[in-house]
Amino acid sequence: MGKKTLSTSKIRNIGIIAHIDAGKTTIIERILYYTGRSYKMGEVHNGEAVMDWMPDEQERGITITSAVTTCHWRGAEIHIIDTPGHVDFTIEVERSLRVLDGAIGVFCAVGGVQPQSETVWHQADKYRVPKIAFVNKLDRAGADFFGTVQMMRDRLGANPLMMQIPVGIEESFQGVIDLLNMKQLIWDQETLGATFRVTDIPEGLMETALEYREKLVESVAEIDDQIMEAYLSEVPITPEALVSSIRKATSSLKLVPVFCGAALKNKGIQLLLDGIVDFLPSPLDVPPVEGVDPDTGQVKTASPSDQSPLAALVFKVKMDQGRRLTYVRVYSGRLNTGDEVFNSTKQAKEKVARILAMHANKRERISEARVGNIVGVVGLKASGTGDTLCDPSNPIVLEPIDAYEPVISVAVEPKTHADQEKIEQALSKLEAEDPTFRVKHDEDTGQIIISGMGELHLEILVSRLKREFNTQVNVGKPRVVYKEAIEQAAQASAIFEKEIGGIRHFGEVVLELSPRERGQGNWFVNNLPDESLLSEFVPAIEQGVMESLESGVLLGYPVVDVAVALVDGTYKESLSSPLAFKVAASMACKEGLQKARPVLLEPIMAVEILVPADFMGDVIGDVNARGGKIEHLHRRGEMQIIDATVPLSKMFGYSTALRSATQGRGTFTMHFSHYDRVLEPPKAL
């Protein structure tokens, strides 16, 4: 990757996170153009963006899969991951943020802080990822730079630090005032924004510029004692001193430097690149990643040094022309072609056949990957998303990546006998790539049920089945993935006594089931006295209980939020076996579920609807008719915003209903909120 001797301190691993349509991919196209990586700028609306290389991405004008690329600016090597903005592909954002050292939050100056940008911002907070922000689309009607910065404070709880203020707004937007160096920058249209004029700040803008420069210095002084001293003594503060201080404050999540521009008009990108190099951390600036020793359970640290033992995280698996390509972030040590490494998550040895430097779907072979590198690896057979690769003599397991439970499913069946064989292979490859995609076989109907995060998610997967794997399928109607729970406590017992293969088996189990708070998950506890003869069979009993909870007694959906306590049991010398206790536990659990008032739960979605004020009444009426609850209403510019929670089962086809109710002017976004009781049981499943 670039010069082999490049220092780790010069590496920046960054992601671009935002709401759908904020302009993430357009910004990356500009970055690649100005850093000399692309010789022309691709446009999303023409289907030519470098990073959106999948046919589905080009057709729909959205990012689906996070692509990785590398470019250089001011001596630094920047690895960029472009993440999707659509809520159905949240896992792509989650796994990208897990391996990044910094992020750029992109906000549309017209839409401000939108729901999905809130979601991804909080995901970045969860992984303690330092951020800078870029307010885009300042040339659009209704753009409001200062309003968007205020929304960052109100909605994200961020501490934004304005590095620039715009010169002009909407149609008259032409440049920015750089508050760090107190200069005005005006971009030249003739050169596609590649050149800009740096001038002194004109008199008419000087007062505003000084006011905001003062605010910038005050904000930095509040968290840096040296700057505070200089500020109070009225000693001039150099831009270099400010840069150093802002860099530390950004890395420790105290400040978010804010840049602005209009990516489609090529304005503001060079200063954003400067901001990446100046303010976002290198792999050496972030705290060393922690993991656990799989043998002792002790916490271990993987120090970011090429000389340390290898520790790397697999954050994505991609099927590439039939071969398995694994994306890896190296946190410690080196990864060399031909190395034998240890997958400590799966306890398996793996061989590194090839290492690739990535540029979207183009690649270049390299012989080694060092600390901070994000690379593609060919040859890993067992490794999946969230697995740790390490030195066999120094094992460590890094924190895995959270996966999400799917909420929607459809039945698929092959069109021809020839497709039957292909579909199994194709689905298992897609399942290996995407932890939020599940495949199961319905025993009763013989159909294959695929589950995912939303209608668009499943639509894309079916499209990929046809395109990439040449498999023709019929697709059923989308169905909601329900769950089951219980509403009261119950006790149940079961005896298993049977002869199997000439050997008698015996086991008796008494269980107590009780409901838990929503979202707490299932829990098994052994309440037997310590000296109980049943102690050796407890693992088998727990396994029987947990397997039994995988399908409930109402409609066979997984049971959630249940505490199961083992309170008693009977043991017979020489007859009792783990198998007998496992089966008895499963039978007792099923009986307990029947007695404990089982209920069906359905996914409830958080929905944000933007509508012109004239249509508010109709839209609210429609949400109520769908069994939704209005949480709150507020204005954003000319539009009214309705925040509501609605059962997913009532949201199918909502985009068409909303368009017809608002003359095509209403839009909405939704994401999974929680599971709750079904008020209206499904008619047929």
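Here Phe496 pairs with nothing under the ring-ring contact (aromatic ring centres under 6.0 Å, His included) rule; sequence neighbours left out. Among residues two or more places apart in sequence or in another chain, the side chain to side chain contact (heavy atoms under 4.5 Å, CB included) test is passed with Val292 by none. With sequence neighbours excluded, no residue forms a salt bridge (Lys or Arg N to Asp or Glu O under 4.0 Å) with Asp391. Qualifying side-chain hydrogen bond (donor to acceptor under 3.5 Å, both in side chains) partners for Lys595, counting only residues two or more places apart in sequence or in other chains: Glu591. Thr656 meets the side chain to side chain contact (heavy atoms under 4.5 Å, CB included) test with Arg659; sequence neighbours excluded. Considering only residues two or more places apart in sequence or on other chains, Thr662 meets the side chain to side chain contact (heavy atoms under 4.5 Å, CB included) condition with Val611, Phe615, Val619, Leu658. Under the ring-ring contact (aromatic ring centres under 6.0 Å, His included) criterion, Tyr331 pairs with no residue at all, not counting sequence neighbours. Here Arg677 pairs with Glu487 under the side-chain hydrogen bond (donor to acceptor under 3.5 Å, both in side chains) rule; sequence neighbours left out. Residues satisfying the ring-ring contact (aromatic ring centres under 6.0 Å, His included) test with Phe524, not counting sequence neighbours, are none. Scanning for side-chain hydrogen bond (donor to acceptor under 3.5 Å, both in side chains) contacts around Ser409 gives an empty result, with sequence neighbours left out. By the ring-ring contact (aromatic ring centres under 6.0 Å, His included) test, Phe506 is found to be paired with no residue, residues two or more places apart in sequence or in another chain being considered. For Asp622, the side chain to side chain contact (heavy atoms under 4.5 Å, CB included) test picks out Arg626, Tyr654, with sequence neighbours left out.
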